[in-house]
Amino acid sequence: MIQASRRQWVKFGIVLFLYILFLIWLKSWLGIVIIPFIFDAYITKKIPWTWWKKSKNKAVLTVMGWVDAIVFALVAVYFVNLYFFQNYVIPSSSLEKSLLVGDYLFVSKMSYGARIPQTPLHMPLTQHTLPVFNCKSYLEWIHWDYKRVGGLGTVKLNDIVVFNFPAGDSVATAIPADDLYRLSYDAGRQLSQQVDFSRLDAEQQRQVFDYYYAAGRKYIDENPQLYGKVIARPVDRRENYVKRCVGLPGQTLQIKDRIVYLDGKANKEPDNVQYRYIVHTKGMLPDDLCHELGISAEDRAMYYPEESVYNIPLTEKAKAGLLARKDIVVSIENMPDEAIEGLYPVNKVTGWTLDNYGPIWIPKKGETIDLTLDNLPFYERPIHAYEGNTLEVKEGRIYINGQETTRYTFKMDYYWMMGDNRHNSADSRFWGFVPEDHIVGKPIFIWLSLDQDRGWLDGKVRWNRLFKFVDSIK
């Protein structure tokens with residue numbers, strides 16, 4: 001007969017109730033197998049969970065006490081990070097001056113609904129690599145399909161969003177921050193003779209780009225001393241990025257003269273949007289002026305002393321502040337808008353630029369598009385890489401999963417993400433759409449902000465940014 005106090009039964013009842021609510025939220029009853037262990041921990045106590053507490057050996061008590069605390073902390077962190085929130089630090093300047101390098105964010109996973117982990121066996125507080133050991137921090141032999149639990153809302157236009165890097169499914173380990181696909185096309189182009197694409201039709205252009213990719217990828221695989229080993233990463237183990245969502249599923253996006261248009265209507269620019277300018281000066285910009293205007297040392301990196309010229313990103317406020325200093329600044333010019341290689345899609349000649357891009361339709365779950373060789377480069381990554389279909393082009397015909405087709409219905413929603421530092425942001429203009437299964441969460445507030453250009457006794461902590469709500473950054 002079970003001998004348990006009323007207090008034990010009350011504790012068990014509360015824990016069981018909360019645990020069942022958790023399973024209902026997850027919409028998964030697999031966790032029922034844990035209930036007998038919860039019952040034993042509170043009622044029957046047959047399993048000696050804390051056997052070491054009965055030991056008379058002080059060393060055992062001390063060591064196991066630490067082990068118990070560490071294991072409990074890791075398990076707690078594991079579940080909190082998976083389903084509720086995690087910390088994120090801004091590593092690059094792509095969102096300046098809205099979010100700054102050195103901002104530490106509290107990211108809510110409940111805002112859009114937490115994902116069930118695709119790689120549940122992983123070390124907490126690591127994304128993909130174990131420090132010191134420099135090996136994978138996760139095991140792939142258990143892999144769950146994409147599923148998202150109920151959240152407090154959905155991604156809204158102009159939300160700042162944390163997501164997994166879509167083009168990070170394959171990575172050259174020596175340069176993990178670079179997009180392997182663009183690297184492959186670039187290497188293949190450099191190894192090949194120049195081609196006049198204006199003389200080629202869509203099918204011929206595709207053949208050339210396929211050759212570039214194959215040649216470039218072969219070169220990367222054969223030169224591990226330059227690129228490292230090429231490895232694949234599951235969705236939830238890819239690098240975390242943070243950008244602003246400027247395009248929603250089903251919308252047609254176009255950038256005209258720097259302004260983002262959605263379905264023909266101009267979208268609001270962020271308050272602190274930045275663009276690059278050519279700034280002619282009478283010498284180097286003073287540190288105190290730059291600090292006052294929020295111009296970082298990184299912003300001023302491209303300075304040409306022979307001509308006394310800066311190539312520098314500026315907000316409208318900073319631009320006006322520099323123009324007001326006639327004793328230092330001679331003139332400010334817009335950066336020339338020129339076509340550049342490497343914009344999405346990498347395997348198509350578009351003539352698009354950072355400031356004049358598109359139009360491009362953003363895929364929406366359940367909607368069907370007509371596929372042609374002309375628009376296939378825009379959508380082949382969603383069809384093949386993100387939604388898991390085989391895709392081939394043979395003799396000018398498109399085959400999906402071995403069947404010839406001219407139409408495709410999308411299985412997921414997609415988003416268009418861009419940085420507020422528009423000329424210094426690797427974003428959807430370079431690697432395309434962000435699938436819904438890559439969405440991690442929504443930054444809620446800044447809990448710490450450290451200025452990398454300042455010392456601890458010289459304003460390193462940006463006190464005015466502490467506990468600032470990200471939703472207030474428009």
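Since the model is a prediction, treat every value here as computed from it, not as a measurement.
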| Can the ring centres of Y88 and W447 be said to be less than 6.0 Å apart? | no
Inset, instruction - For the pair V171 and R233, evaluate side-chain contact (heavy atoms from CB on, under 4.5 Å) and give the outcome as yes or no after the intermediate values. - result: CA-CA 8 Å; V171 176; R233 284 178 179 161; 3.8 Å; yes
- Say whether, by atom type as modelled, one donor and one acceptor occur between the side chain of W361 and the main chain of G250 under 3.5 angstrom. yes
Are more than 12 heavy atoms, taken from residues, nucleotides or ligands other than F410, located less than 6.0 Å from that residue's CZ atom? yes
Next on the checklist: Tell me whether R429 forms a cation-pi arrangement with Y344, defined as NZ or CZ under 6.0 Å from the six-membered ring centre and within 45 degrees of its axis.
Outcome noted: no
Can you tell me if K411 has over 12 outside heavy atoms packed within less than 6.0 Å of its NZ?
yes
Between the side chains of E307 and H280, is a donor N or O closer than 3.5 angstrom to an acceptor N or O? no
Query raised in the report: Are there more than 12 heavy atoms of other residues, nucleotides or ligands under 6.0 Å from atom CE of M123?
Result: no
When rounded to the nearest 0.5 Å, the distance separating OH of Y185 from CD of Q190 is 15.0 Å
(Q) Can a side-chain donor-acceptor contact be found between R276 and N311 if the only test is distance below 3.5 angstrom? (A) yes
- Tell me, do T353 and I255 make a side-chain contact under 4.5 Å, heavy atoms counted? no
- Message: What I want to find out is whether D221 reaches K229 closely enough, with some N-O distance under 4.0 Å, to be called a salt bridge.
- Response: no
Requested in this report: Answer with yes or no whether the side chains of Q127 and H122 bring together a donor and an acceptor at under 3.5 Å.
Outcome: no
Correct closest heavy-atom pair for R244 and P270 would be NE-CG, 3.6 Å
Exercise. Is any side-chain N of the basic residue among K156 and D471 closer than 4.0 Å to the acidic one's carboxylate O?
Worked result: no
_Ion pair check, D370 and R407, cut-off under 4.0 Å_ = yes
Practice problem: Apply side chain to side chain donor-acceptor pair (under 3.5 Å) to the pair R462 and S449, showing each step before the final yes or no. | Solution: CA-CA 5 Å; R462 304 184 186 105; S449 184; 2.7 Å; yes
With distance as the sole criterion, is a donor-acceptor pair present between the side chains of D420 and N272 under 3.5 Å? no
Within the supplied structure, the quantity of interest is the number of heavy atoms (other residues, nucleotides, ligands) at a distance under 6.0 Å from F197 CZ; does it exceed 12? yes
TODO: Assess whether atom NZ of K365 is packed by more than 12 heavy atoms of other residues, nucleotides or ligands within 6.0 Å.
DONE: no
Candidate pair N267 and E269, rule side chain to side chain donor-acceptor pair (under 3.5 Å), full reasoning:
CA-CA 6 Å; N267 187 33; E269 283 202 302; over 6 Å; no
- Kindly check if the number of other-residue, nucleotide or ligand heavy atoms within 6.0 Å of NE2 (H291) is above 12? no
Separation between OG1 (T390) and CD1 (I400), nearest 0.5 Å, reads 8.0 Å
State whether a side-chain donor-acceptor pair under 3.5 Å links D374 with T372. no
Here the gap from T315 atom OG1 to D299 atom CG, rounded to the nearest 0.5 Å, amounts to 9.5 Å
**Message:** Determine whether R381 and Y386 satisfy the following criterion, side chain to side chain donor-acceptor pair (under 3.5 Å), listing intermediate values before the conclusion.
**Reply:** CA-CA 6 Å; R381 265 196 75 76; Y386 306 144; 3.1 Å; yes
To the nearest 0.5 Å, atom SG of C245 lies from atom CG of D159 at 7.0 Å
Exercise. Could you label the plane-to-plane angle of the Y83 and F79 rings as parallel, tilted or perpendicular, counting under 30° as parallel and over 60° as perpendicular?
Key: parallel
- N/O donor-acceptor pair under 3.5 Å between N223 side chain and L226 backbone: no
Next item on the list: Side-chain contact test, heavy atoms from C-beta onward, threshold under 4.5 Å: evaluate it for L322 versus R325 and give yes or no.
Entry: no
- Flag the pair R454 and D458 as a salt bridge only when some basic side-chain nitrogen lies within less than 4.0 angstrom of an acidic carboxylate oxygen. yes
Classify the ring geometry between F467 and F445 as parallel (under 30°), tilted (30 to 60°) or perpendicular (over 60°). tilted
Checklist entry - Quick check: are there more than 12 heavy atoms from other residues, nucleotides or ligands sitting under 6.0 Å from NE2 of H384? => result no
Does the side chain of E436 pick up a donor-acceptor pair with the side chain of Y415 at under 3.5 Å? no
I439 and R148 have their tightest heavy-atom pair at O-NH2, 3.0 Å
Checklist entry - Using 4.0 Å as the upper bound for N to carboxylate O, is an ion pair formed by K265 and D263? => result no
- Query: Does NZ in K27 sit with more than 12 non-hydrogen atoms of other residues, nucleotides or ligands closer than 6.0 Å?
  - Reply: no
Query - Modelled atom types, side-chain donor and acceptor of N347 and Q205, under 3.5 Å - result: no
With a 3.5 Å cut-off and no angle check, do the side chains of N424 and S93 form a donor-acceptor pair? yes
Cationic N near anionic O, under 4.0 Å, K468 to D103 = no
For A187 and G216, the nearest pair of non-hydrogen atoms, with its separation, is CB-CA, 3.9 Å
When every non-hydrogen atom of T129 is compared with those of S137, the smallest separation belongs to N-OG, 3.4 Å
Salt bridge K256-D355, side-chain N to carboxylate O under 4.0 Å: no
Heavy-atom closest pair (L99 atom, V242 atom, distance to 0.1 Å) is CD1-CG2, 4.5 Å
For F84, does the six-membered ring have the charged nitrogen or CZ of K109 within the cation-pi criterion, i.e. under 6.0 angstrom from the centroid and within 45° of the normal? no
When every non-hydrogen atom of S92 is compared with those of I90, the smallest separation belongs to O-CG2, 3.2 Å
When rounded to the nearest 0.5 Å, the distance separating CH2 of W416 from CD1 of I362 is 7.0 Å
**Item:** R115 side-chain N/O to D437 backbone N/O, donor-acceptor pair under 3.5 Å
**Value:** yes
Checklist entry - When you check the side-chain N and O atoms of D236 and N164, is any donor under 3.5 Å from an acceptor? => result no
Q.
Tell me if the aromatic rings of Y211 and F209 count as close, with their centers under 6.0 Å from one another.
A. no
Value for CE (M284) from OH (Y303), rounded to nearest 0.5 Å, stands at 6.0 Å
- Mind checking whether W352 and F378 have parallel, tilted or perpendicular rings, split at 30° and 60°? parallel
Next on the checklist: Does the Lys NZ or Arg CZ of R300 fall within the cation-pi geometry relative to Y277 - under 6.0 Å from the ring centre and within 45° of the axis?
Outcome noted: no
Counting only N and O atoms by type, is there a donor-acceptor contact under 3.5 Å from the side chain of S308 to the main-chain atoms of G283?
-> yes
Problem - Worked check of side-chain contact (heavy atoms from CB on, under 4.5 Å) between F430 and D427 - result: CA-CA 6 Å; F430 289 91; D427 52 36; 4.2 Å; yes
- Task: Determine, step by step, whether I278 and M335 satisfy the side-chain contact (heavy atoms from CB on, under 4.5 Å) criterion, reporting the C-alpha distance in whole Å, the side-chain angles of both residues, the deciding distance to 0.1 Å, and the verdict.
- Result: CA-CA 6 Å; I278 303 299; M335 276 285 294; 3.4 Å; yes
Report task. Walk me through it: do Q274 and L95 pass the test side-chain contact (heavy atoms from CB on, under 4.5 Å)? Result -> CA-CA 9 Å; Q274 285 197 136; L95 269 171; over 6 Å; no
### Message
Looking only at the aromatic ring of each residue, does the gap between the centers of H438 and F165 stay below 6.0 angstrom?
### Response
no
With a 3.5 Å cut-off and no angle check, do the side chains of N389 and Y399 form a donor-acceptor pair? no
